[in-house]
Peer 1: 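Sending over a structure as structure tokens; questions will come in a sec.
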Amino acid sequence: MRHVRQMILPEVGEVGQRRLQGARLLVVGAGGLGSPAIMYLAGAGVGALTVVDPDVAETGNLHRQPIHAGRVGWNKANSARAFVQSLDPEVSVAALTHPLTPANAAGLVGGADVVLDCADSFAVSYVLSDACLAAGVPLVSASALGLSGYCGGFCGGAPSLRAVFPDLPDRAANCATAGVLGPVVGMLGTAQAQMALALLLGFAPSPLGQLLTLNSGLRWGGFRFDGAPEPEDGFRFIDASDIRPGDFVLELRGEDEAPVPIHPSARRADPAAPPAPPPGARAVLACRSGLRAWRAARLLAPTHPEIVLIAAGDH
């Protein structure tokens, strides 16, 4: 009886519902995008969710993260599991309280039928896209800021996120600095859930290769990018543990931001004027979000071919 109203749909039925019950989904981020995505995926009766989020629920975020109501101070992945258990105890939830990293991404992606990128971090988005492209797993990625955002279906036979967004912006803001209305992320997170369900149920046309945009004034738009070519270049993210002897490591965070550099061999540098690496050395550029590292990498790339990035977060 729990799912009878969606099973009435000829696009679902008993066969489709069994397909949903057998599905395994990876949701990275249980915040503003992840809250509605998790809510509606669990409501649809998917079989298993793995939720990855190292952060804790805060009062200032509840306006766009309603599944954490009453659990301020909880880890968000654990809070999401508690919410799902109260909604439908037959949905299995694995709560992972550590971050998604370049080191663990492939293992997490490999066990999923569909991956949802709800982290709203371009470093996480690129790491997930690279892992999903390599594994052939569909990725539903979204981003929201202010009154606008997008949601798209990538990889799994469609072009990757890098094919649509081959470069990062010169500057970036986040919800804490630029603000956001709760319904904006709610609509885009719900769109992610709908795209994921459409993939699991085999809807046509497929949401893979489709970008949906939401602009201020509730103007919806979008386009298909099925034929977008994969970029020949692009900067890859690695973990700090992947730094090798002989790497030329630049710490682009100031001492006030990161008193301890990313690596003992790292030298501090200005991202607007990074020093040139010695010939033959791999350049490793580290900053908080990856944006400054990406910007510095663009300056070095014409004369230095091997560059990797580290998004160190708050560590």
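It should be emphasised that the depicted structure is a prediction, and the values quoted were computed from it without experimental measurement. Residues take their numbers from the sequence shown, with the count starting at 1.
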Peer 1: Are Leu201 and Leu116 co-members of a hydrophobic cluster defined by side-chain heavy atoms under 4.5 Å apart?
Peer 2: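 As far as the 4.5 Å side-chain criterion goes, Leu201 and Leu116 are connected within one cluster.
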Peer 1: Just how far is it from atom CG of Leu252 to atom CZ of Arg292, taken to the nearest 0.5 Å?
Peer 2: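 Taking CG in Leu252 and CZ in Arg292, the distance rounds to 7.0 Å.
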Peer 1: Report yes if some heavy atom in the side chain of Arg298 is under 4.5 Å from a heavy atom in the side chain of Phe235; otherwise report no.
Peer 2: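 Arg298 reaches Phe235 side chain to side chain.
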Peer 1: Salt bridge or not for Arg244 and Glu306, using N-O below 4.0 Å?
Peer 2: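 Between Glu306 and Arg244 there is a salt bridge, with a charged N closer than 4.0 Å to a carboxylate O.
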Peer 1: If you take all heavy atoms of Arg253 and Arg268, which pair is closest and at what distance?
Peer 2: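 Where Arg253 meets Arg268 most closely, the heavy atoms are O-NH1, 2.8 Å.
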Peer 1: Mind checking the CZ-CG spacing from Phe223 to Leu211? Nearest 0.5 Å is all I need.
Peer 2: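 Reported value, rounded in 0.5 Å steps: 4.5 Å.
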Peer 1: Is there a side-chain contact between Asn61 and Thr59, using heavy atoms and a 4.5 Å cut-off?
Peer 2: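 The answer is no, as the side chains (C-beta and beyond) never meet within the 4.5 Å cut-off.
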Peer 1: On a heavy-atom basis, which atom in Leu299 and which in Pro271 lie closest, and how many Å separate them?
Peer 2: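 Nearest heavy atoms, Leu299 then Pro271: CD1-O, 3.6 Å.
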Peer 1: Starting from the C-alpha separation in whole Å, work towards a yes-or-no answer on side chain to side chain donor-acceptor pair (under 3.5 Å) for Asp120 and Ser143.
Peer 2: CA-CA 5 Å; Asp120 211 8; Ser143 179; 2.7 Å; yes
Peer 1: Once rounded to the nearest 0.5 Å, what's the spacing between atom OG1 of Thr50 and atom CG of Leu25?
Peer 2: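 Between atom OG1 of Thr50 and atom CG of Leu25 there are 9.0 Å.
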Peer 1: Would a line drawn from the ring center of Phe122 to the ring center of Phe237 be shorter than 6.0 Å?
Peer 2: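 Centroid distance Phe122-Phe237: not below 6.0 Å, so no.
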Peer 1: Assess the pair Tyr126 and Trp294: is the distance between their ring centroids shorter than 6.0 Å?
Peer 2: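 Ring-ring flag for Tyr126/Trp294: true, centres closer than 6.0 Å.
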Peer 1: Let me see the working for Ser125 and Asp117 under side chain to side chain donor-acceptor pair (under 3.5 Å), right down to the final yes or no.
Peer 2: CA-CA 6 Å; Ser125 296; Asp117 167 25; 2.5 Å; yes
Peer 1: Answer yes when Asp130 and Arg236 have at least one side-chain N-carboxylate O distance shorter than 4.0 Å, and no when they do not.
Peer 2: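 No, Asp130 and Arg236 are not salt-bridged.
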Peer 1: With sequence neighbours excluded, tell me which residues meet side-chain hydrogen bond (donor to acceptor under 3.5 Å, both in side chains) with Asp226.
Peer 2: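 side-chain hydrogen bond (donor to acceptor under 3.5 Å, both in side chains) check on Asp226 returns Arg224.
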Peer 1: Do the non-hydrogen side-chain atoms of Val56 and Lys76 ever get within less than 4.5 Å of each other?
Peer 2: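 Contact flag for Val56/Lys76 side chains = no.
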